[in-house]
Number of protein chains: 2
Amino acid sequence: MLDNIYLSIYHDLVNQIEQGSLPPDSKLPSENELAVQYSTSRETVRKALHLLSQHGYIHKIKGKGSFVLHVNKFNFPVSGLVSFKELTKRMRKKATTKVISLKRGRPSPYIATQLNISRTEEVWEVIRVREIDGEKIILDKDYFRSFIPPLTVEICEDSIYEYLDQTLTVGISFAKKFITIESITEEDQAWLDHKEYPMIAVVRNYVHLEDNTLFQYSESRHRPDKFRFVDFARRA
Amino acid sequence: MLDNIYLSIYHDLVNQIEQGSLPPDSKLPSENELAVQYSTSRETVRKALHLLSQHGYIHKIKGKGSFVLHVNKFNFPVSGLVSFKELTKRMRKKATTKVISLKRGRPSPYIATQLNISRTEEVWEVIRVREIDGEKIILDKDYFRSFIPPLTVEICEDSIYEYLDQTLTVGISFAKKFITIESITEEDQAWLDHKEYPMIAVVRNYVHLEDNTLFQYSESRHRPDKFRFVDFARRA
DNA sequence: AAGTGGTCTAGACCACCTG
DNA sequence: AGGTGGTCTAGACCACTTG
């Protein structure tokens, strides 16, 4: 919506690919043609195509053209900051989120360390259980620094990210995720339908704002049989 | 080494960051200054900085400048096509690779499906065990389409990717990784020091060449306590 | 030879941050 | 006001593919 030409071209082409008017293996118009179509310069078109390429939508071949990839066979997001809500929407599953606890207060030493703040600075703590097809699959523990706008149970049941995107003045910039596999804890056992699996997949996520401050730490604890992580990586 | 200006600027800055002459939180010269330093245009400098940003080395703030991130705290690659050899070199561990079997022949139905080829087309099969600090931790099963240059045990003990990078005329373009957690198989038990862990982390990797053909399928099976996957993701 | 994407230039205007 | 990064333009030359 911004007056950003290359982003609007990008979104337009993404739509065409997802709607099917640009099917897999089909060839996009050449960069020069697109520049004329969108009344812009070729470099600007190239910026849009670069984004499509980075996100796994197209593939460019020198001398030949740009071609649509058939990636979304698994209907899954390319690795990135994708919220649970977006994710389940794509997978067309019945998914619900139950808020176990929501409070603001002093962090534990562990959380203070993870967020790299002093123990006297208050944090928001949100603990949620994600249910998919009637089974409690994911235990989400989120910790936010207290300068974010106040959270409510309704927001946490919906999408915290949507809320923050709309209310935060400074945007989200980048995140680091660490995936490990650990022994199940009593807390996991208490909240999840763990089916005797002794281990759990843990995704630790450190989210930074545009000014580089770390503002969120989260642990997403997944029952191993339902865990799935996808990574799309381009070379160089 | 190519006559590629922005790549050489990128590599130069990566070196400065990794050597420490550009420490974390320090500010890079402005884009205009870099353009003068490298005797090139600002857009070319920006291309290099964009790469640094994508790979988690720097962080740009409008109106202020570009700053070095302190990411490599965990000394781990940003998600991508990183080989075992590069990986262990960074972690400074004693790591060895043992080739269990190396052969060329008809694929199993499963492998033919994964590689999306007919069962009559031969494939290379490489099965390897990765040992770290004396423990057999990872079972790697690699399948290559037969048009690649011939493999030897020596190559497989070193780095298949380095070999392919040097010998393949058409380069590697992109890869999709799928991470799941599964029950341990008899094959895993036979080759790994599995320590009674009943589950195993499986990374399935589909690697494509620049002409978009899928040329490799691999399964990397990790003992859960040693498994670690890192993902760096930028927003938008 | 013509078309394609890959790289590069030398400008330009803007929004943002700092003095 | 001056510096910064973000976007955009209208050219240019190159390497690659195809007819």
Side-chain angles (χ1 to χ4, degrees), chain A residues 1-13 25-54 57-69 168-171 173-174 209-213 234-236, chain B residues 1-13 25-54 57-69 168-171 173-174 209-213 234-236:
Chain A
M1 290 311 147
L2 276 69
D3 56 331
N4 202 313
I5 302 176
Y6 79 87
L7 275 184
S8 67
I9 299 176
Y10 167 74
H11 287 124
D12 190 26
L13 293 173
D25 290 326
S26 65
K27 185 176 167 300
L28 268 67
S30 79
E31 296 178 347
N32 285 312
E33 284 172 330
L34 288 172
V36 174
Q37 282 181 31
Y38 288 99
S39 308
T40 184
S41 69
R42 191 181 147 217
E43 281 289 0
T44 299
V45 168
R46 281 178 58 73
K47 249 179 174 169
L49 296 187
H50 180 69
L51 266 185
L52 287 165
S53 163
Q54 289 265 313
Y57 284 104
I58 66 166
H59 182 241
K60 309 180 81 177
I61 306 178
K62 190 193 298 192
K64 297 178 82 169
S66 299
F67 302 87
V68 178
L69 287 174
L168 228 45
T169 56
V170 49
S173 168
F174 64 93
L209 297 178
E210 274 167 5
D211 61 5
N212 200 2
T213 59
R234 289 212 99 84
R235 184 89 156 184
Chain B
M1 289 307 150
L2 275 70
D3 55 331
N4 202 315
I5 301 177
Y6 79 88
L7 273 183
S8 68
I9 298 176
Y10 167 75
H11 287 125
D12 191 25
L13 293 173
D25 290 326
S26 65
K27 184 174 167 304
L28 269 67
S30 78
E31 296 177 349
N32 285 312
E33 284 173 329
L34 288 171
V36 174
Q37 282 182 31
Y38 288 100
S39 308
T40 184
S41 68
R42 190 181 149 218
E43 281 289 0
T44 299
V45 168
R46 282 178 57 73
K47 248 180 175 168
L49 295 187
H50 180 70
L51 266 185
L52 287 165
S53 162
Q54 289 263 313
Y57 284 104
I58 67 166
H59 182 240
K60 310 180 81 177
I61 306 179
K62 188 193 299 192
K64 296 178 83 169
S66 299
F67 302 86
V68 178
L69 288 175
L168 228 45
T169 55
V170 48
S173 168
F174 64 93
L209 297 177
E210 274 166 4
D211 62 6
N212 199 1
T213 59
R234 285 212 104 83
R235 183 87 157 187

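Since the model is a prediction, treat every value here as computed from it, not as a measurement. Lettering follows sequence order; numbering is per chain, from 1.
For the pair Glu31(B) CD and dC16(C) P, the computed distance is 17 Å after rounding to whole Å. Between the CZ atom of Phe67(A) and the P atom of dC16(D) there is a distance of 17 Å, rounded to whole Å. As a whole-Å value, the separation of Glu43(B) CD from dC13(C) C1' is 13 Å. Computed from coordinates, the Asn32(A) CG to dT9(D) C1' distance equals 14 Å when rounded to whole Å. In this entry the distance linking OH of Tyr10(B) with P of dT7(C) reads 14 Å, nearest Å. In this structure, the CZ atom of Arg234(B) is 14 Å from the C1' atom of dG6(D), given to the nearest Å. In this structure, Leu34(B) atom CG and dG3(D) atom P are separated by 16 Å, rounded to whole Å. In this entry the distance linking NE2 of His50(B) with P of dT7(C) reads 12 Å, nearest Å.
Taking only side-chain nitrogens and oxygens, Lys60(A) comes nearer than 4.0 Å to OP1 or OP2 of dG6(C). Residue Thr40(A) places at least one side-chain N or O closer than 4.0 Å to OP1 or OP2 of dT9(D). OP1 and OP2 of dG5(C) both lie 4.0 Å or more from every side-chain N or O belonging to Lys64(A). Regarding contacts with the backbone of dC8(C), every side-chain N or O of Tyr6(B) stays at 4.0 angstrom or more from both OP1 and OP2. Put simply, Ser30(A) has no side-chain N or O that comes within less than 4.0 Å of OP1 or OP2 on dG3(C). In terms of phosphate contacts, Arg42(B) brings no side-chain nitrogen or oxygen within less than 4.0 Å of OP1 or OP2 of dG5(D). Checking the phosphate oxygens (OP1, OP2) of dG5(C), a side-chain nitrogen or oxygen of Ser66(A) falls inside 4.0 Å.
Taking 4.5 Å as the limit, every side-chain heavy atom of Tyr38(A) sits out of range of all side-chain heavy atoms of Thr44(A). The shortest distance between side-chain heavy atoms of Ile58(A) and Leu13(A) does not fall below 4.5 Å. When side chains are defined from C-beta on, Arg42(B) counts as touching Asn32(B), because their heavy atoms get closer than 4.5 Å. With contacts defined as side-chain heavy-atom distances shorter than 4.5 Å, the pair Ser66(B)/His59(B) does not qualify.
In the set dC8(D), dA15(C), dA15(D), dA15(C) carries the atom at the smallest distance from any side-chain atom of Lys62(B). Side-chain proximity of Asn4(B) to dC8(C), dT7(D), dT4(C): nearest is dC8(C). The side chain of Glu33(A) lies closest to dT4(C) when the candidates are dG5(C), dT7(C), dT4(C). Of the candidates dC8(D), dG5(C), dT7(C), dC8(D) carries the atom nearest the Ile5(A) side chain, counting heavy atoms from C-beta on. Here dA10(D) is the nucleotide among dT9(C), dT18(D), dA10(D) with the atom lying nearest to any side-chain atom of Ser41(A).
Nearest-nucleotide positions on DNA chain D for Ile61(A) and Ser39(A) put Ser39(A) closer to the 5' end. When each of Gly63(A) and Arg46(A) is assigned the nucleotide of DNA chain C bearing its nearest heavy atom, the one mapping closer to the 5' terminus is Gly63(A).
Using a 4.0 Å heavy-atom criterion, one finds that Leu49(A) contacts no nucleic acid atom at all.
Side-chain contact annotation: Asp211(A) with Thr213(A), donor-acceptor N/O pair under 3.5 Å present.
No option in Leu52(B), Leu49(B), Leu51(B) other than Leu52(B) meets the side chain to side chain contact (heavy atoms under 4.5 Å, CB included) test with Tyr57(B).
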